[in-house]
Amino acid sequence: MQKKLERIIPPPPPHMVGDGFRVHNFFPAAGIQNKQRMSPFFMLDYASPYHFPPSETQRGVDVHPHRGFETVTIAYQGKVAHHDSAGNHGVIGEGDVQWMTAASGVLHKEYHEKDFSQKGGTFQMVQLWVNLPAQYKMTTPRYQEIKKEKMGQHAFEGGMLEIIAGEYREIKGPAQTFSPLNVYNLHLNPSKEITLELPAEFNTGMLVIKGSVTIEDQLVSADHFALFQNNGTSITIKAKESATLLVLSGQPLNEPIVAYGPFLMNSWEEIEQAVEDFNNGKFGVLD
Ligand code: MN
């Protein structure tokens with residue numbers, strides 16, 4: 001049975017995160033304004049293609065904390081650098097993914113990589129916040145840097161499905177996760193199609209990164225997000241032109257969500273504890 005389209009969401013007006021990330025928030029602040037609707041995915045910020053002129057200083061977001069979830073950064077154009085208080089550092093480029101488990105708490109900073117900053121260029125990326133089940137919110141922070149060539153690959157006539165997390169037809173993605181979810185990059189050649197099979201109860205949506213596709217005879221253009229109902233298992237996606245889509249599908253956590261700035265917990269008491277721990281320096285040190 002087909003998993004039906006619920007709606008197609010155009011990119012909400014962009015805003016700046018720090019001075020380096022010009023993003024459209026598809027959820028939960030704009031677009032889908034329901035914190036549970038895409039659980040376990042809590043936030044989707046999309047930096048649509050945008051040209052940054054050369055800069056001697058690296059644009060980005062300076063040191064800030066996180067607790068209770070994972071930040072997942074997927075680079076499509078340009079390069080992103082990262083440092084955190086757990087001692088991790090990395091640079092990701094086109095097609096690479098940085099999967100940071102903040103969990104009990106880290107400080108980190110995220111910015112344009114040095115050479116990219118100096119030369120300037122087109123920047124395009126996604127940042128997802130993946131919520132953690134209550135039992136894992138205070139687990140040890142972790143950092144996974146996943147290069148494009150390490151992704152699970154399902155080649156088919158007309159394209160390639162890259163499995164970042166979860167699995168597709170028993171091909172596993174390299175990212176380790178704390179709840180059942182799938183994150184794919186789907187590449188389709190012009191006028192080719194694929195039918196994806198995804199569990200009915202999984203919250204499912206797709207962001208068109210490049211090109212345009214038709215789903216149920218409806219056009220979904222670049223920078224648009226397609227949200228699906230939780231009632232079927234198969235979705236047929238046909239490319240109008242060469243297309244790339246980010247596919248998100250996950251089992252809802254079905255736990256209370258209390259969000260406050262960079263903290264994502266299950267209760268206000270836990271938020272107050274996070275603020276207190278942050279103020280007492282328990283998230284570590286990062287210059
Ligand atoms: Mn952050």
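Counting convention: from 1, in listed order, for ligands and their atoms alike. Side-chain atoms are counted along with the backbone in the values below, which use heavy atoms only and exclude waters and symmetry mates.
- A salt bridge (Lys or Arg N to Asp or Glu O under 4.0 Å) check over residues 33-51, counting only residues at least two apart or in different chains, returns the pairs E6-R37.
- Looking only at its N/O/S atoms, H108 has NE2 as the one nearest to the Mn ion (ligand 1).
- Note: F225 and H24 fail the aromatic proximity criterion, with ring centroids not under 6.0 Å apart.
- Its N, O or S atom nearest to the Mn ion (ligand 1) is what matters here, and for E110 that atom is OE2.
- Of all N, O or S atoms in H64, the one lying closest to the Mn ion (ligand 1) is NE2.
- For an aromatic pair to be called close, the ring centres must be under 6.0 Å apart, and H112 with F123 satisfies this.
- Aromatic rings from H108 and H64 are positioned such that their centres are separated by under 6.0 Å.
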